[in-house]
Amino acid sequence: MKPQEISIEQFDYPLPDERIASHPLEERDRCRLLVTGRDGAISDRVFAELPELLPSGALLIYNNTRVINARLRFAKESGALIEIFCLEPVQPVDYAVNFASQGSEGVMWLCFVGNSKRWKSGALRGIVTLPSGEEIILSAGRIEKQGNASVVKLTWTGSATFAEVIAAAGELPIPPYLNRPTEKTDLQDYQTVFSAIDGSVAAPTAGLHFTPQLLEALDAAGIQRRSLTLHVGAGTFQPVKSELIGEHPMHSEFISVSRELIEELAQTDRPVYAVGTTSVRTLESLYHLGCRASVGLPVDELPQWYPYDEAHPRLSVQEAMTALLNAFEGPQFVGATRVIIAPGYEYKVVDGIITNFHQPRSTLLLLVSAFLGGDRWRKVYDHALDNPGYRFLSYGDACLLQS
């Protein structure tokens, strides 16, 4: 059966509300860690034990993206509240350039608009107080509709950059399934210890369990750590609503990876462990983008179903990474990926995954199923559900999955 013909109903499971963690543990690395052995065995450990669970000499790769204060709220003169949820930059399309833009230029973002019916025309305006005490006026104007989202132009007075403005004006967007407003503690809890590059509207949640002390322990154990960037979009955590996977349009996400890391992936024979599904998507996308480069196809974005194309050149990881290196100049590869990793996908780069427990009927659960093979994902989730100590989703516990 082709992946496109798989029914999403096969990836449903009952998740009681009380099993969804509303807050993380006070000590991040004391959460539970479900470990799958290559023999199919399942064991219950603690996340702080990770250094002794990874194979000696493993390459641990994590996502260094940082969640932005993407939720903006405006009050109209009528009293109506309009919420603008910034998803991804439209102009300038480059994240770094967009965040460096000043108010006279303005920026455009693709946004979800809450209470949209009450915003029929005209600009929204609000007063924003910067950390310096300076007050500026932030304005929003709707340019056009794009599906269920809108392109919104944001302008502001003064000389502050957009990064400074959205940090002061916006609210950190915690997942809606937490069913609570953002709290002061989320400002730290919902960022990973290695977050550095602004751009995500949701956290790469597997990284939330790491602490400075754990990173030191990994270093002492000889685990090599590397970073890459994938800016997480709101679509990452959206359930698949179509009956068949093939009818689900996968979202595009920005990726940025250093030439140095791609060179290392082309040469290493060390096992590669990815922290989170975002790192998995990036690493596996690099392989397929290299395959595209080898036959002269564009490498600016990886199409959703390209890995399953019968015309796909089947290269070694070394060949694919080398082809990708030859396809761009400079120290950094920048592109995007729409890939959907589902049963039938053959992993090329990743040997192990550190990830959280995911929502039913989600593309993230499909990715896990593809990695474990067969019906193993259900055995893993049944084990966790049968054990009342396990907590699910963004602030919940973690898995160490090994094929």
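In this text, all values refer to a predicted model and were calculated from it rather than measured experimentally.
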When you look at [atom1] of [X], are more than 12 heavy atoms from neighbouring residues, nucleotides or ligands closer to it than 6.0 Å?
{"X": "I137", "atom1": "CD1", "result": "no"}
{"X": "E105", "atom1": "CD", "result": "yes"}
{"X": "E5", "atom1": "CD", "result": "yes"}
{"X": "K76", "atom1": "NZ", "result": "yes"}
{"X": "E144", "atom1": "CD", "result": "yes"}
{"X": "K2", "atom1": "NZ", "result": "no"}
{"X": "E329", "atom1": "CD", "result": "no"}

(request) Go through the steps for T229 and S256 under the test side-chain hydrogen bond (donor to acceptor under 3.5 Å, both in side chains), then give the verdict. (result) CA-CA 5 Å; T229 304; S256 178; 5.1 Å; no
Could you tell me if [Y] and [X] have a donor-acceptor pair between their side chains, going purely by distance under 3.5 Å?
{"X": "H23", "Y": "D186", "answer": "no"}
{"X": "E301", "Y": "S252", "answer": "yes"}
{"X": "H248", "Y": "S242", "answer": "no"}
{"X": "Q402", "Y": "Y273", "answer": "yes"}

(request) Mind checking ring pair (Phe, Tyr, Trp, His ring centres under 6.0 Å) for Y381 and listing every partner two or more places apart, or none if nothing turns up? (result) Y13, F357, W377
(request) With sequence neighbours left out, write down each residue that passes ring pair (Phe, Tyr, Trp, His ring centres under 6.0 Å) with H383, or none if nothing qualifies. (result) none
(message) Which residue in the set L302, I341, V299 passes side-chain contact (heavy atoms from CB on, under 4.5 Å) when paired with S285?
(response) L302
(request) Hey, could you give me each pair passing salt bridge (charged side-chain N to carboxylate O under 4.0 Å, His left out) that has a residue in residues 109-119? Not counting sequence neighbours. (result) none
(request) Measure the shortest side-chain to side-chain distance between L33 and V46 over non-hydrogen atoms and say whether it is less than 4.5 angstrom. (result) no
(message) Are I6 and L244 packed together at the side-chain level, in the sense that at least one heavy-atom pair is separated by less than 4.5 angstrom?
(response) no
(message) Check for me whether the distance between the ring centres of Y345 and Y347 falls short of 6.0 Å.
(response) yes
